[in-house]
Amino acid sequence: SIHIPQKLFGEVTSPLYPKPYPNNFETTTVVTVPQGYRVKLIFWQFDLEPSEGCFYDYVKISADKKNLGRFCGQLGSPLGNPPGKKEFLSQGNKMLLTFHTDFSNEENGTVMFYKGFLAYYQAVDLDECATQLNSVEEAAQPLCRHLCHNYVGGYFCSCRPGYELQADGHSCQASCGSELYTEPSGYISSLEYPRPYPSDLRCNYSIRVERGLTLHLKFLEPFEIDDHQQVHCPYDQLQIYASGKSIGEFCGTQRPPDLDSSGNAIDLLFFTDESGDSRGWKLHYTTEIIKCPQPKTLDEFTMIRDLQPKYQFRDYFIASCKQGYELMEGKQVLTSFTAVCQDDGTWHRAMPRCRIKDCGQPRSLPNGYFHYTTTRGVHTYQARIQYYCHEPYYKMLTRAESSELERGTYTCTAQGIWKNEQEGEKLPRCLPVCGKPVHPVESKQR
Amino acid sequence: IIGGQRARPGNFPWQAFTNIYGRGGGALLGDRWILTAAHTLYPKDHSAQGNASVDVFLGHTSVEEIMKLGNHPIRRVSIHPDYRQDESNNFEGDIALLELENSVTLGPNLLPICLPDNDTFYDTGLMGYVSGFGITEERIVSHLRFVRLPVARREACEKWLQGKQRNDVFSQSMFCAGDPSLKQDSCQGDSGGVFAVRDPNSDRWVATGIVSWGIGCSRGYGFYTKLLSYVDWIKKEMGED
């Protein structure tokens, strides 16, 4: 036998190929590929002495203790049994090629020369999981107890939810002590549902969804947990907790009512004793996002920007005031206001109020005075005053195009500042008037 | 004031009463500047170096009452750079500004006077008023007095000075007023007060001169600092006021 070193691909030829092979020769070539692979072989050249039943010269292929064929003749010739384009595939990682020749190669007294063969082999992935399926059909021990996963060059096992893979790599054992569900909706059931659940379970199913979502549970039919007519759930029981608070313990065949938890956390504890034959339970959980009450203004001066028909968790609204008003939160003036819908369905800040802007007492004008042209003593938004200088001793400084009336008019603006249309906040100036005595010297006597 | 009469309250509301090296006068400009003669602060033939206290009173025609109203503290004194204290016969640049520490509140008895803007205020014969708390015929006064004087012809004043064989400087920045035939004049204690004329076009009173110097009183002409020559300097000193 010739053992070819383990490779992923290679060639196998007859002795002396492509020169004629020797007479009276027999050798077996063992092709081996790595574990987890199969051997695929195909003949590229085939030129052997043809004979009935390939009695004289032949190539015999075998794998997995099975004979895959005995071949002679030439490719494309009807004589003998040439392999043609046929692909030979092993189940395991080994394939054997036995090459046999007799004492001569003659035809009608003429010595004939045959080149022999050139075969190409390659490693192809072995799908162990498919093999397992076949094995199941054949009632053999499966590779994996629950689930099998193939990959190039190997496989691995896993278990269904609620079970844990054992150290042997293929066995599964019930293990539902800390099952966590975080998707916004899904199904949870007892092990093997709707077939009877295993004994001695201590299962804990936790549902934890994002803040701002509320959980709803709906149990499906059949619901079946070992029960006793006189004693409440003495054998097996399903306990439900919403946000840490117990909702109840359930058993029997009456499924629990639909549950609205108004929270984002539910725990289900399922305990079973050593016996029983009930089919268990299954539930469908869904979530709904929390909503906040529609914001309502407290006065006619407050405005809500882009009011939405509905507000849910993490939504926010911005409140502002009409021109000339300012936001008040209690006694504090705000520059802006935003309220966010919280995960408990409340707004994180109370609605503010809007208070009219107050410009305060107008500044006194040196050498002048003012009068209210709107309501006396009221200095809120849109109030107006008129400044005057103490005439005839002072005169208001004005620009060429402006009158004293225009220069002296100040309005309480939306910003809470007294402003003149032309000069802004700057007060007018009262300048001394020169050379205008009230009682000038006069001479009556002539 | 020689040959004048007692002023009524409000006749000359710009009149200031100063007491530095003796009585003096001044005129209110704006609401915090006093125009006066430099020699009231730096008298000729005087060794003092300007460290005398400067007391300024405003708002009344009675010396007693005006002093009761209180002294107005001075923030800054500005003497014209042409003034020469050591040249006793040269009153060139006899002009000064006193900046008050605080603005005053104007009223009927306290108002500023205007400054001239053209040469017509110095036409010969134009009548002006000079007021002051200075002496009158060898008597000190207790009330503000005034006298009405004509602007005199420059050549007449020059000739009068020559006749007196005086070498006093009578420059283009001065003018003279009065008449040797009149027994009317300003006198000691009136220095710093202004020669005021009424502008009929604007109906405003304009200060055209500052009482500066003379040879005796009421025996000829009086000489005044010509304000038109110093308006630019005044405006520069007063800044935006």
Side-chain angles (χ1 to χ4, degrees), chain A residues 360-372 376 385-410 417-446, chain B residues 1 4-15 27-33 35 59 61 100 102-117 121 127-131 144-148 194 196-208 227 234 238 240-241:
Chain A
Q361 184 75 11
R363 283 189 287 166
S364 59
L365 178 66
N367 302 311
Y369 56 100
F370 67 86
H371 283 154
Y372 285 93
R376 183 186 167 90
I385 56 168
Q386 182 72 46
Y387 280 107
Y388 301 95
C389 290
H390 284 302
E391 291 186 341
Y393 318 120
Y394 295 92
K395 188 166 176 60
M396 192 176 288
L397 178 65
T398 57
R399 292 183 192 276
E401 70 278 9
S402 172
S403 68
E404 286 181 31
L405 196 68
E406 289 169 334
R407 181 63 190 93
T409 300
Y410 282 70
I417 300 164
W418 290 105
K419 271 189 178 175
N420 174 259
E421 257 184 32
Q422 297 157 350
E423 303 288 343
E425 291 179 66
K426 193 177 164 191
L427 280 184
R429 284 187 69 191
C430 291
L431 297 183
V433 174
C434 73
K436 286 275 190 181
V438 182
H439 307 293
V441 65
E442 283 179 359
S443 302
K444 286 183 183 172
Q445 188 170 254
R446 297 189 177 177
Chain B
I1 297 293
Q5 55 189 294
R6 187 165 159 168
R8 292 177 186 279
N11 285 167
F12 303 95
W14 48 82
Q15 180 71 49
L28 184 66
L29 298 180
D31 58 0
R32 64 187 183 105
W33 293 89
L35 178 71
T61 54
L100 301 182
N102 306 299
S103 298
V104 294
T105 302
L106 306 182
N109 297 323
L110 185 54
L111 285 171
I113 193 163
C114 306
L115 293 171
D117 58 3
F121 292 109
M127 298 301 290
Y129 288 82
V130 184
S131 54
L144 180 69
R145 297 181 72 81
F146 72 94
V147 67
R148 199 173 181 211
V194 291
V197 298
R198 192 177 147 272
D199 179 3
N201 297 323
S202 63
D203 193 27
R204 287 177 187 269
W205 288 75
V206 178
T208 58
L227 275 174
I234 292 169
M238 289 174 64
E240 67 168 11
D241 285 351

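Numbers restart at 1 for each chain; the letters A, B, ... are given by sequence-line order, proteins then strands. Nothing here was measured: the structure is a model prediction, and the numbers come from that model.
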Where does [X] contact chain A at under 4.5 Å (heavy atoms): side chain, backbone, both or neither?
X      : result
B/S202 : backbone
B/N109 : neither
B/P108 : both
B/V197 : neither

Quiz item: Within the distance-only criterion (no hydrogens, no angle test), does the side chain of B/R8 pair as donor or acceptor with the backbone N or O of A/V441 below 3.5 angstrom?
Solution: no
Quiz item: Is there a donor-acceptor pair closer than 3.5 Å between any side-chain N or O of A/N367 and the backbone N or O of B/T105?
Solution: no
Quiz item: When rounded to the nearest 0.5 angstrom, what is the spacing between CD1 in B/I113 and NZ in A/K436?
Solution: 13.0 Å
Quiz item: If you look at every heavy atom in B/G107 and A/Y393, which pair is closest and at what distance?
Solution: C-CE2, 3.6 Å
What I'd like to find out is whether the side chain of [X] reaches to under 4.5 Å of the side chain of [Y], using heavy atoms alone.
X      : Y      : result
A/C434 : B/R204 : yes
B/D31  : A/L431 : no
B/W14  : A/P437 : yes
A/P432 : B/L106 : yes

Quiz item: Around A/E421, counting heavy atoms of other residues, nucleotides and ligands shown, do more than 12 lie under 6.0 Å from its CD?
Solution: no
Quiz item: Can you tell me if CD on A/Q361 sees more than 12 non-hydrogen neighbours from other groups inside 6.0 Å?
Solution: yes
Self-check item: Winner by heavy-atom pair count (cut-off under 4.5 Å) against chain A, out of B/L115, B/V206, B/D203
Solution: B/D203
